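As a basis for the values below, the full set of heavy atoms in this structure was taken, side chains included, without hydrogen atoms, waters or symmetry mates. Order of the sequence lines fixes the chain letters, A, B, ..., with proteins taken first and strands second; residue numbering starts at 1 for each chain. Predicted, not measured: the structure shown is a model, and the values here were computed from it.
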2 protein chains.
Amino acid sequence: MGSRHFVVTNQTEPVPLDDPYRADCPTRHLLDRIGDRWTMLVVGILSEGDSRFSHLRRRVEGVSQKMLTQTLRGLERDGLVRRTVYPEVPVRVEYALTDAGRTLCEPLRALQEWAITHAVDVAAAQAAYDYSH
Amino acid sequence: MGSRHFVVTNQTEPVPLDDPYRADCPTRHLLDRIGDRWTMLVVGILSEGDSRFSHLRRRVEGVSQKMLTQTLRGLERDGLVRRTVYPEVPVRVEYALTDAGRTLCEPLRALQEWAITHAVDVAAAQAAYDYSH
DNA sequence: CCGCATCCCAACCGATACTG
DNA sequence: CAGTATCGGTTGGGATGCGG
């Protein structure tokens, strides 16, 4: 990432063109995708190993069957998850992270660890805030 | 994080009690909070330095004033952002990350970097997927 | 300049019923 | 078992107008 180009419009400060905060930047799309309610959780489970649909459904507490399907489809479309159907009776379907999907695990784990170590502080801050408002 | 406790119910595999995938785990709440449409973007901007409301509004392209206010209130409640009002005329309000908030920057940057380096691959995967469906 | 209140529509998402 | 289809409530979030 060498030199950066800028747009300068009236009244606003210059903003880098490859800025992830610009709506048209691909980065923004990805952050939107990752930022939905279930994607990170599903990837987290899959990082523990391949998994069948019903196993995921049990592990990700509260996800509906519809949302789980939708989330898995999205991840498959993004090339982060591979879906394998074994034509047995009854059908068995296995979900697994692709190589690309596995690269998401580390940043994801970083976030989860942050959440774990700061859960108490945040809860306390919320309580304090709610008390004085 | 020492030994972990497990629940074992009929038909389902054991699940750790402090598992972030359980709905009642505090970690889950945080992931939900972080996973909304604007929080990560706002934190990202604030990591560059303190910022006024209108500056944030311009930088986070597409955010409405309502959502920006809501997001900032949430972050303030979580103890991640500090809001300072300067009683001038007209009023000036500065937002800044707290110490706790700054600890979020690193995992956040990791995610952003992932998004930047994988934007092309994901776009290609999507195109391929859409083509064959 | 900052932000609250209201109205309102669209998207999300859960529940349910049905298929291979 | 692993889905698809449909319906309907809930929520997200934009637009607008007002107040300090």
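Contact annotation: B/Y95 side-chain N/O to C/dC1 OP1/OP2 distance is not under 4.0 Å. Neither OP1 nor OP2 of C/dA15 sits under 4.0 Å from any side-chain N or O of A/S64. For D/dA2, neither phosphate oxygen OP1 nor OP2 lies less than 4.0 angstrom from any side-chain nitrogen or oxygen of A/T69.
No hydrogens or angles were tested; on distance alone, nothing pairs the side chain of B/Q65 with the base of D/dT16 as donor and acceptor under 3.5 Å.
Residues passing the side chain to side chain contact (heavy atoms under 4.5 Å, CB included) test with B/A100 are B/L80, B/T98, sequence neighbours excluded. For B/R83, there are no salt bridge (Lys or Arg N to Asp or Glu O under 4.0 Å) partners, not counting sequence neighbours.
The 12-atom threshold is not exceeded at CZ of A/R109, counting heavy atoms of other residues, nucleotides or ligands nearer than 6.0 Å.
With contacts defined as side-chain heavy-atom distances shorter than 4.5 Å, the pair A/L108/A/S47 does not qualify.
No single ILVMFWY cluster, assembled from side-chain heavy atoms under 4.5 Å apart, contains both A/Y86 and A/F53.
When the nearest nucleotides of DNA chain D are assigned to A/E94 and B/W38 by heavy-atom distance, the more 5′-ward of the two goes with A/E94. Position along DNA chain C of the nearest nucleotide to A/M67 versus B/R92 favours B/R92 as the more 5'-ward residue.
A straight line from NE2 of B/H55 to P of C/dC2 spans 12 Å, rounded to a whole angstrom. For the pair B/L56 CG and C/dC1 P, the computed distance is 14 Å after rounding to whole Å. As a whole-Å value, the separation of B/K66 NZ from D/dT16 P is 14 Å. Across the protein-nucleic acid pair, B/D36 atom CG and D/dT11 atom C1' stand 13 Å apart, rounded to whole Å. Taking atom CZ of residue A/R37 and atom P of nucleotide D/dT10, one finds them 16 Å apart after rounding to whole Å.
Atom CG of A/L68 is separated from atom OH of A/Y95 by 7.0 Å, given to the nearest 0.5 angstrom. Remark: B/L72 CG to B/L46 CG distance equals 7.0 Å, nearest 0.5 Å.
If you check every strand for non-hydrogen atoms under 4.0 Å, A/R52 touches sugar and phosphate atoms only. The residue B/E88 sits apart from the nucleic acid: no heavy atom pair falls under 4.0 Å.
Contacts between residues 70-87 of chain B and DNA chain C, counted as heavy-atom distances below 4.0 Å, involve B/R73, B/R83.
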